[in-house]
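The figures that follow rest on heavy atoms only: side chains count, while hydrogens, waters and symmetry mates do not. Counting convention: from 1, in listed order, for ligands and their atoms alike. Predicted model, so just to flag it, every value in this text is computed and none were measured.
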Amino acid sequence: MVITIKRNVDEKQFKNLLNWIESVGLKINLSEGENYTVVGLVGDTSLVDINLIRSLDIVDSIVRIQEPYKKANRKFHPENSIIDVGGHKFGGNHFQIIAGPCSVESYEQVLEVAKAIKKAGATILRGGAFKPRTSPYSFQGLGLEGLKMLIEAKKQTGLPIVTELMSEHYLEYFDDVDMIQIGARNMQNFELLKAVGKTKKPVLLKRGLSNTIEEWLMSAEYIMAEGNLEVILCERGIRTFEPYTRNTLDLSAIPILKEKTHLPVIVDPSHASGLSRLVKPLSLASVGAGADGLIIEVHNHPESALSDGAQSLKPEQFEDLVQAVDVMLPIVNKARDK
Ligand code: PEP
Ligand code: MN
């Protein structure tokens, strides 16, 4: 962190600032120029309130040289993190496809979809039991009953499962869940992040609708700071001015994240576009951009789905997508579990 001090400032105020910097355990690197004095802060500056320092009369400007996230930062962990979800690895040369319905609607529905996506090549089953719907009058998910159906589909097919947790009160029912999803709307629900940070389960952390990449990494940091280092990031589209798609898939987030963090990154082209016909092209673009996996909504009868039918693929469309992804994977030096 570098602070530039204005000219001819009050000596006492300047000394106070230097004393405070040293009192929080940081070293000072002072350089006095003709016009400005530059103070370099050496050490762990993650606890420094940058806005507080900026507000001081004597301060001209302040810049953070180092990112505020530590555990998620690639600088301190150069090699890719490999995260195992029920025997399937994410990160490095591994690539996984997660698929399943938006919501668990009945046991028959989730089982039929589970069998179809497994046959097509998916290795993990998704399905929401607790649904974060924009309207309180929309289908809210089957709750604990839905969770039981999903767990039963796991037992029948052998597929590990990922499902969304909306409140830590339900954590005790997640023992058989292989990966906990934190949805876009809860990306900055810090109490929830701390709660899943105390578990030993992988966490699928979706990007908030209007959050920057740095805010997203700080949310990963919340989970990791509690001791759980198993975080997989999921780009699911952000809100822009474009109304032709439900969200805008931020493809550049993938290579940026690969620079900034060692955590695996997957893409959800279903929520990013809201349109089933865009799911295949966006999936292929994501593979090309370096994603470590995909999460795709698949429904046996999208036309009568209780949520997100318009963006759900039919099993045969999903099969076609997996085959296309397989053609591309060798180009990016990745391989899917078979
Ligand atoms: C979902 O995966 O069904 C979901 C609600 O996603 P998001 O939180 O990204 O909107
Ligand atoms: Mn959905």
Worksheet entry | Close-contact set for ligand 1 against R126 heavy atoms, below 4.0 Å | 1 (C), 2 (O), 3 (O)
Worksheet item: Quick check: does R185 get an N/O under 3.5 Å from an N/O on ligand 1?
Response: yes
Worksheet item: Under 4.0 Å between a Lys/Arg side-chain N and an Asp/Glu carboxylate O for E164 and K131?
Response: no
Worksheet, complete the sentence: Of R246, R236, R133, Q181, the one whose closest heavy atom lies nearest atom 9 (O) of ligand 1 is R236
Worksheet item: Under 3.5 Å, is there a donor-acceptor pair between the side chain of T163 and the main chain of G127?
Response: yes
Discussion item. Need one value: angle at the Mn ion (ligand 2), C102 atom SG versus H271 atom NE2, rounded to 10 degrees.
Written reply: 170°
Practice prompt. Could you tell me whether K198 and E226 make a salt bridge, using a distance below 4.0 angstrom between a side-chain N and a carboxylate O?
Written response: yes
Worksheet item: Where is the nearest protein heavy atom to atom 4 (C) of ligand 1: which residue, which atom, and how far?
Response: H271 NE2, 3.4 Å
Item to complete: Taking atom NZ of K260 as the centre, report whether more than 12 heavy atoms of other residues, nucleotides or ligands fall under 6.0 Å from it.
Response: no
Response to the item:
Here the N/O/S atom of D308 closest to the Mn ion (ligand 2) would be OD2
Worksheet entry | N, O or S atom within E297 nearest to the Mn ion (ligand 2), by name | OE2
Worksheet item: Which of these, K131, E297, K206, M166, has its nearest heavy atom closest to atom 7 (P) of ligand 1?
Response: K206
Fill in: Evaluation steps, salt bridge (charged side-chain N to carboxylate O under 4.0 Å, His left out), between E67 and K75
CA-CA 10 Å; E67 297 86 355; K75 275 189 196 135; 2.9 Å; yes
Practice prompt. Could you list which atoms of ligand 1 come closer than 4.0 Å to a heavy atom of A184?
Written response: 7 (P), 8 (O), 9 (O)
Worksheet entry | N-O pairing of D176 and K148 below 4.0 Å | no
Discussion item. Check R246 with D308, please: is the shortest side-chain N to carboxylate O separation under 4.0 Å?
Written reply: yes
Practice prompt. Output the list of atoms in ligand 1 that are nearer than 4.0 Å to some heavy atom of G183, sorted by atom number.
Written response: 8 (O)
Practice prompt. Answer yes or no for R207: is there a heavy-atom contact with ligand 1 below 4.0 Å?
Written response: no
Worksheet item: Should the heavy atoms of other residues, nucleotides or ligands under 6.0 Å from CZ of F76 be counted, would the total exceed 12?
Response: yes
